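Remarks on the structure that follows.
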Amino acid sequence: ARDFHVERREIVITASIGIAACPDDADNVIDLIRNADAALYHAKKSGGNVHCYYKPEMNEAAVERLMTKSKLKRSFERDELLVHYQPKYNLETGEVFGAEALVRWELPERGVILPANFIPIAEETNLIIEIGEWVLDKVCEDFRYWQRSVSSPGRVSVNLSLKQLRQRNFIQRISAIMRGYEVSPTSLELEITETTLMEDSDRTVKLLDELYALGLHLAIDDFGPGYSSLSALQQFPISTLKIDKSFVRHVSTSADDATLVGTIVQMGQNMNMDVVAEGVETEEQLNFLQSINCTYAQGLLFGDPMSSDNYLELLLAQKEGTNQHRALFA
Ligand code: C2E
Ligand code: MG
Ligand code: MG
């Protein structure tokens with residue numbers, strides 16, 4: 001547990017341990033190791049740096065995970081993935097300024113599964129790369145379709161996982177998709193979480209510079225809980241800061257959170273970034289965000305994330321001045 005230094009960097013190592021005992025947990029080596037491994041997985045999932053004893057439920061969870069993984073692999077051929085859009089509103093004008101693309105998985109026997117229940121599993125394998133690419137393709141296809149009816153469908157943001165970003169030919173692939181649908185890179189924004197950004201920041205800066213040079217907008221997602229240093233933040237070509245919903249949740253009831261969000265908004269503006277507040281659920285939160293001149297907001301206050309067709313309807317309603325959410329901004 002004692003930290004040590006390599007080339008003046010502080011290194012901290014932790015150990016996670018999974019324990020299975022013979023003969024209670026298994027009477028042969030293969031099962032014993034498999035069960036210890038299930039316990040180890042559990043230990044890592046609980047945050048690591050702990051030990052866990054094997055329990056039969058752990059194997060059930062592991063079997064469930066494996067099944068999910070194999071079903072997810074087939075989800076493409078079966079056309080089970082879909083993208084929903086969550087509009088972003090300009091807090092000053094009440095206009096829809098764009099949307100965030102959010103992937104969903106619709107399984108016939110289970111209904112719609114949210115990303116929290118399958119993205120982590122996809123991230124354990126290269127499946128996340130395929131899913132991410134499918135989402136980008138779908139978003140460009142939808143964008144192209146919207147453009148037939150509305151001249152500017154706004155800027156659409158797509159979530160990116162670290163594995164996707166690290167893919168060797170990622171830049172070529174994303175360029176090819178955009179070119180294929182004739183979607184301008186300036187119409188898209190890539191969202192990268194604060195923790196992803198900080199993971200290997202030197203390498204990431206280079207990649208992001210290349211994406212930025214293409215004309216893509218870049219956003220830092222779920223900003224706040226990761227406590228990034230300002231100097232680290234400044235190296236990235238980021239134009240949008242998205243405040244994590246855990247901070248937005250209490251702005252109208254907790255003075256501390258209100259101060260924190262106010263400070264983040266100000267900091268973003270000083271760095272010439274657009275600031276988006278995520279997870280806006282109440283009018284009180286909306287009013288507070290307006291009072292501190294936050295630029296954009298998204299959240300359930302404006303309804304659930306919607307299908308591509310419904311987003312187009314919303315854009316058309318806006319064009320005709322009949323967007324029902326306008327009243328919230330009056
Ligand atoms: P995120 O990028 O921070 O997306 C915002 C999440 O907050 C979405 O959850 C959205 O439905 C939810 N949300 C929006 N408004 C509210 C609100 O007012 N209150 C609350 N409590 N929640 C709200 P969702 O769709 O379940 O997605 C969860 C996460 O999964 C996303 O977080 C994103 O990190 C990831 N994700 C979604 N789509 C993709 C994708 O295509 N690729 C990758 N790599 N990750 C994705
Ligand atoms: Mg996001
Ligand atoms: Mg977010």
Side-chain angles (χ1 to χ4, degrees), residues 72 75-76 80-89 98-106 111-142 155-167 170 174 177 188-197 199 217-226 238 240-252 261 264 268 274-286 288-289 296-308 310-311 325 328:
L72 197 54
S75 64
F76 298 95
E80 289 166 347
L81 292 180
L82 40 118
V83 174
H84 278 176
Y85 295 91
Q86 180 169 51
K88 276 178 278 189
Y89 285 83
E100 172 171 9
L102 298 164
V103 69
R104 269 94 184 88
W105 180 20
E106 196 166 23
V112 172
I113 304 176
L114 291 174
N117 299 318
F118 66 91
I119 291 283
I121 293 175
E123 279 187 342
E124 287 170 16
T125 63
N126 282 340
L127 257 180
I128 188 66
I129 293 182
E130 284 179 66
I131 294 180
E133 203 159 305
W134 181 87
V135 170
L136 265 169
D137 194 273
K138 183 79 181 86
V139 166
C140 288
E141 186 187 346
D142 287 343
R155 192 189 295 157
V156 180
S157 51
V158 178
N159 293 288
L160 213 63
S161 90
L162 186 63
K163 270 212 169 131
Q164 246 181 307
L165 192 65
R166 291 284 160 76
Q167 209 188 342
F170 177 66
I174 184 170
I177 295 174
L188 295 185
E189 181 166 83
L190 301 177
E191 293 192 4
I192 300 143
T193 61
E194 182 182 17
T195 28
T196 302
L197 269 186
E199 204 146 302
H217 291 263
L218 301 171
I220 174 164
D221 201 1
D222 304 341
F223 183 78
I238 300 283
T240 306
L241 199 70
K242 301 191 74 176
I243 308 177
D244 193 63
K245 50 180 175 287
S246 63
F247 286 170
V248 175
R249 190 169 300 141
H250 304 294
V251 286
S252 42
V261 168
I264 297 177
D274 286 340
V275 182
V276 182
E278 296 192 285
V280 178
E281 294 179 354
T282 67
E283 284 191 47
E284 288 77 31
Q285 292 164 348
L286 180 71
F288 172 78
L289 293 164
Y296 303 106
Q298 59 182 91
L300 298 178
L301 177 63
F302 312 105
D304 285 335
M306 55 186 81
S307 69
S308 161
N310 289 345
Y311 181 63
H325 292 302
L328 279 171

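Predicted model, so just to flag it, every value in this text is computed and none were measured. Ligands are counted one by one from 1 in listed order, and the atoms in each one are counted from 1 as well. Hydrogens, waters and symmetry mates are skipped; everything else that's a heavy atom, side chains included, is used.
The protein heavy-atom contact nearest to atom 23 (C) of ligand 1 is K245 CD, 4.0 Å. Considering only non-hydrogen protein atoms, atom 10 (C) of ligand 1 sits nearest to L102 CD1, 3.8 Å. Atom 45 (N) of ligand 1 has as its closest protein heavy atom N159 CB, 3.7 Å. Scanning the protein heavy atoms around atom 30 (O) of ligand 1, the nearest turns out to be P115 CB, 3.4 Å.
Formation of a donor-acceptor pair under 3.5 Å by the Q285 side chain with backbone atoms of S252 is not found in this model. A donor-acceptor pair is defined here as one N or O able to donate and one able to accept, closer than 3.5 Å; such a pair exists between the side chain of E194 and the backbone of G224.
Less than 4.0 angstrom separates some heavy atom of V280 from each of these atoms of ligand 1: 18 (O). When each atom of ligand 1 is checked for a heavy atom of G299 under 4.0 Å away, the hits are 15 (N), 18 (O). Each of the following atoms of ligand 1 lies closer than 4.0 Å to a heavy atom of D222: 3 (O). Within the listing of ligand 1, atoms 16 (C), 17 (C), 18 (O), 19 (N) sit less than 4.0 angstrom from a heavy atom of G279. Heavy-atom proximity to S161, at under 4.0 Å, picks out these atoms of ligand 1: 44 (N).
Side-chain N/O atoms of Y311 and D142 include no donor and acceptor closer than 3.5 Å.
Atom 2 (O) of ligand 1 is approached by the protein to below 4.0 angstrom, counting heavy atoms only.
Checked against a 3.5 angstrom limit, the closest N/O atoms of L301 and ligand 1 fall outside it. In terms of polar-atom proximity, defined here as any N/O pair under 3.5 Å, V103 does make such a contact with ligand 1. Residue-to-ligand polar distances keep E123 apart from ligand 1: every N/O pair is separated by 3.5 Å or more. By the 3.5 Å distance cut-off applied to N or O atoms, Q164 is not counted among the residues near ligand 1.
Side-chain contact check for E130 versus L81: every heavy-atom pair is 4.5 Å or farther apart.
With sequence neighbours excluded, the residues that form a salt bridge (Lys or Arg N to Asp or Glu O under 4.0 Å) with E191 are K242. Qualifying side-chain contact (heavy atoms from CB on, under 4.5 Å) partners for I113, counting only residues two or more places apart in sequence or in other chains: W105, L107, R110, N117, F118. F223 is linked by a ring-ring contact (aromatic ring centres under 6.0 Å, His included) to nothing, counting only residues two or more places apart in sequence or in another chain.
Of all heavy-atom pairs between V83 and A101, the closest is CG1-CB, 3.7 Å. Nearest heavy-atom pair, K88 versus E100, reported as atom, atom and distance to 0.1 Å: CE-N, 4.4 Å. Annotation for F247 and I264: closest pair CD1-CD1, 3.9 Å, computed over non-hydrogen atoms. Across P115 and R104, no two heavy atoms sit closer than the pair CD-NH1, 3.4 Å. Closest non-hydrogen pair, L102 versus P305, comes out as CD1-CG, 4.0 Å.
The Mg ion (ligand 2) has E100 OE2, N159 OD1, E191 OE1, D221 OD2 as protein N, O or S atoms under 2.8 Å away.
To the nearest 0.5 Å, atom CD1 of residue I131 and atom CG of residue N159 are 12.5 Å apart. To the nearest 0.5 angstrom, L160 atom CG is 7.0 Å from L136 atom CG.
Nearest-heavy-atom check against atom 20 (C) of ligand 1 across R249, Q86, E133, E281 picks out E281. Distances from atom 25 (O) of ligand 1 to the heavy atoms of E100, R104, H84 show the closest one on R104.
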